[in-house]
Every structure is written in structure tokens, then in C-alpha cells.
Participant: 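Starting off with a structure, shown below.
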Amino acid sequence: MDGTPAPIPGRGNALHRFANPGRFMRFSGAVLPWLALAGLSLSVIGLGWGLVLAPRDWQQGDTVRIMFIHVPAAWMAMGGYVGLAIASFVGLVWRHPLADISARGIAPIGAVFTAICLITGSLWGKPMWGTWWVWDARLTSVLVLFFLYLGHIALSNAFDDIERAARPAAILALIGAVNVPIIKFSVDWWNTLHQPASVTRIGAPGIHVDILQPLLVTAMGFLFVFAALALLRTRAGILERRARALMAARAAEPAAAAATVTA
Amino acid sequence: MIDSGFWAMGGHAAYVWPSYAIGVGLIVALAVASWRGYIAARDDVARLEAESPRRRRGQQGS
Amino acid sequence: MTRKRRRLWIVMLCALGLGTATALTLTAFEDNLVFFHSPSDLAAKQIPPGRNIRIGGLVETGSVDRATTGDGQLQIGFRVSDGAASLRVTYTGILPDLFREGQGVVAEGALTPEGTFRARQVLARHDETYMPPEVADALKRSGHWQPGEPPPPARDWNTLRPNAATPAGAGTARMTN
């Protein structure tokens, strides 16, 4: 893909060379089908395993199967935000357009996984805790995460010139990054209705292998799905930018364009 | 057989199945929307490049 | 210093400032961030009767009593304990499925002048252990897990396979780790 600004000589050269949109289009085009295939198959295997083969839980019965959607979605919601924050940081400091475009691409994916996490959590909370929702530190901080994603999407689209939206959106994303450790440690720092972490706790995971295995397979599947969607949306963002550049070029020489069209 | 065995989910079918339906549904919806956006952008670029006078010279038979 | 280097420092300094401000704010508002108080907290804090609060802990084994009121509603009383202190709770209404002795609960309501807790809502709080019922039974039969106590360390059971060939009640379990 040409029409891209040439790499600026100097310090950022290596980064610019690796993150060159043309290279990215070739690389992502080759990788994307495999990522999508891996994500789809691992998700289907993991969810099917969780629904059919995994045992029910000693205290939660069959509602534990909601975990196979809820927990991977929660991991993607948080991991996605870390990705968004890194892209925003690179975009803000090194002004690399690919970082801005990928941040725009990641935000809606993170928002969808956060929504899944919140909805399935609610559906799990009602039968087990006895309530759809409480304002404890964990649930509230995840809701804040959802609104941060929505705010990022809104801000990214708030400007007529999409490129101008990148900086304020990146600043919002970085400010919101303080929420990620709050989500992670809320269950340890404060009394919450939500139980503490099972898989990543110190010592051994508090989950029997028969329940842990489908959980990890689904999480891998969701991770690949997330990555595939992020690549796809970033590719779309690069093409949209190219289309805007072509439109601008055409607007700059209306006489020539009109002449060729009518000729 | 909806009210017994596998589909009953031990009496919690009303919570388990909607979780899977909503989770899978939202991911599929996002994937479809993302794919459509990609196709639209790709077609835009192809159309604009075909229309662009500078491009046209370099391409065969348009 | 290049412009990129300068921007890097500005962003890092902003992040540091923001992180510090957040940490201070969260520490200052800690009392509002906890979802519930433990019975020990209550004893230390001198909360007046009638104020709406939440308390949480484990339902003390053997403390649950149920009665039916005149209009046919279930009246339930139990003690909530955090090990160090405990508090009697009364509640009228429907309990979550998970409610049982030894189970975590969070009750919302207020202290009465008599020093008990009158709950308007009772929520169940489960721990972070997930295992098949057969494994839980095997642990309890073999004496690794006392009923009403928290589950034993996960390393002891998260790869445990209850011996399917053993007749139920024989109380043997094979450790596979």
C-alpha cells in the first residue's frame, strides 16, 4: 500500500519500519485467516466442552457453565483495555498513525466483550447471589470500564476530521488505564460480593482441572477471536484512511477529475 | 425434553442458555459488522483508485 | 532532548501523578468502597441502630432457625460470623438457593436497639473454589474437609479423581498429583 508517508529518519526508524501500514497490510492479510480459524475452532471446542462434558460444580450446579463465557470475556475486556492503552501510548508519544488506527479498532471489540462480561455476570448473579446487580467495587469498576470504552468510541467519532480525534481519545484511554488494576485487585482490596480470583491466585488455581481445562481452551479461543477482529478492524481503518486520502486528492484537483469522468 | 436432562441445566436453563446465546450472538454480530466495514472500505479504495486519473494510467484495461 | 523523548516524559509524569492521585482517593474513600462490614468491624465502629448497612460473613453452623409467621411468611434467624465475632440476623422472605450453614452471606439492613441485625435482603456469597460434587464428597468423606469449614488448599484437590470403582461411602480417594 503506497501513499503512506515515508519513514521519518532518526530514532523512531525501526518502529516505523516494522509498523509501516504497507507491511502491516501484507502481514495481517496472511495471518488473519489462521487467527480467525484458530479462534473459531478453539471457542467452539471450549464452549462445547464446557456445556456438555465439564462437570457441574459442587455448590453452583450447572450455573458454573456460565463461567466459560463470563471469565474469558472478562479477561478479554481487561486485556483489550491494556492493548488500547498501549496503542494510545505509542500513538501519543511516537505519533504513529497505525497506533491510532488500531486503538480505534480495538475499542469496540473491548466494549462488546465487556458487555458480554456484564450481562453474563448478571445472569449468573441472579441464581447464585440472589441479585442481578450490586454496586460493589468489582461490578462497579467493570461498568466504568464499559463506559470508558463507550467514551473512547464516542470521542473517536466526535470530530469531522477523524485523525484529529486520535489525540484526545488516546488521552482518555490512558487516563482510564488506572481502572484496570482497580478492577483486578478490587476483590482483594475491599469487601465485595464478587469472589476473589480463582485461576490467578497465589498457590494453586482454586478450580478443578475438569472445569479449568475448558475454561482455558475457551480463553485461548476468545484471545484469537479478539486478535483476528483487531487485525480486521485495523485493516479496515487503514483502507478508510487511504480512501480519505484519495478523496482529498480528488478534491484538490477537481478540474482534472471532472475532465476524466466526463471524457 | 426441554424440562429435563441436558437442556434443563439443573433447573438453571433460564440463566445458562441466555448467557451462551447473548455471548455468542454479540461476538458474531461484531464479527459481521467488522467484516462489512472492511469490505466497504476495500471497495471504496478500489473504486477511488479506479476513478483516480493518476492511478488509471498505471492499471490495465479500465 | 527530542520532541518524542519530551512527549514520553510528559506522558510518564502524567501517569505517575494520576496513579498517585487515584491511590490517595481510593485510600481516603475506603469506607465507602467496601460493600459490607464484618461483625468485627461493626463491633469496632459503633454504628448506631437504624442506619442502613450491609454485613457479611459465614452463616454459623447450627445457628439457623426457621419459623413461619402468622401470614405464612418464612421467618429465619441465623448468626453471621467472621471467626472473631458474630452477630444474630433475622430475616423474613425468600433466601437465595446457595444459602446454607457455612456459606458466605451478605445481609442488608440495620442494627436493632437490642443489638441484633434486621435484614431486608440476604445475598449469598460463594467462595472462589470450583470442583465437581464427587470431589467435594470425596474430600468430606475422607476427612480432608470438615463440613462448615472453608475448602482445603486447592493443591490437594484440583487434580483429584474420586475413585469411581469404590462403592459410595467407602471413603477412599485417589490423589493424582
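Below, chains carry the letters A, B, ... as their sequence lines are ordered, and counting in each starts from 1.
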Participant: Can you tell me how far CG of A:L239 sits from CG of B:D43, rounded to the nearest 0.5 angstrom?
Facilitator: 10.0 Å
Participant: Should we count CZ of B:R47 as having more than 12 external heavy atoms under 6.0 Å?
Facilitator: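 Enclosed: over 12 neighbouring heavy atoms sit under 6.0 Å from CZ of B:R47.
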Participant: For atom CZ of A:F159, is the number of surrounding heavy atoms from other residues, nucleotides or ligands below 6.0 Å larger than 12?
Facilitator: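 Yes, because the 6.0 Å sphere around CZ of A:F159 holds more than 12 heavy atoms from other groups.
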Participant: For A:M76, is it the side chain, the backbone, both or neither that has a heavy atom under 4.5 Å from a heavy atom of chain B?
Facilitator: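 Contact with chain B is absent: no heavy atom of A:M76 under 4.5 Å.
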Participant: Is A:R65 in contact with chain B via its backbone, its side chain, both, or neither, using a 4.5 Å heavy-atom distance?
Facilitator: both
Participant: Looking at A:A236 and B:A41, what are the two nearest heavy atoms and their distance?
Facilitator: O-CB, 3.7 Å
Participant: Compare all side-chain heavy atoms of B:E49 with those of A:R242 and state whether any distance is below 4.5 angstrom.
Facilitator: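 Yes, their side chains come closer than 4.5 Å.
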Participant: Most heavy-atom pairs under 4.5 angstrom with chain A, which of B:Y38, B:W35, B:W17, B:Y20?
Facilitator: B:Y20
Participant: What distance separates A:I66 CD1 from B:S19 OG, expressed to the nearest 0.5 Å?
Facilitator: 3.5 Å
Participant: Answer yes or no: does atom CH2 of A:W132 have more than 12 heavy-atom neighbours from other residues, nucleotides or ligands under 6.0 Å?
Facilitator: yes
Participant: Quick one: which of B:V24, B:D44, B:L26 has the most heavy-atom pairs under 4.5 Å with chain A, could you say?
Facilitator: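 The candidate making the most pairs under 4.5 Å is B:L26.
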Participant: Are the side chain of A:D62 and the backbone of B:H12 linked by a donor-acceptor contact shorter than 3.5 Å?
Facilitator: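 No; zero donor-acceptor contacts below 3.5 Å.
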Participant: How far does CG of B:L30 sit from CG of A:L232, to the nearest 0.5 angstrom?
Facilitator: 9.0 Å
Participant: Can you find a pair of side-chain heavy atoms, one from A:L51 and one from B:V16, that are under 4.5 Å apart?
Facilitator: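 Answer yes - side chains close enough.
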Participant: Using a cut-off of under 4.5 Å on heavy-atom pairs, state which of A:M247, A:H70, A:R233, A:R244 scores highest against chain B.
Facilitator: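 When all of A:M247, A:H70, A:R233, A:R244 are compared, A:R233 has the most.
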Participant: Report the option among A:V225, A:L123, A:I116 that has the most heavy-atom pairs separated by less than 4.5 Å from atoms of chain B.
Facilitator: A:L123
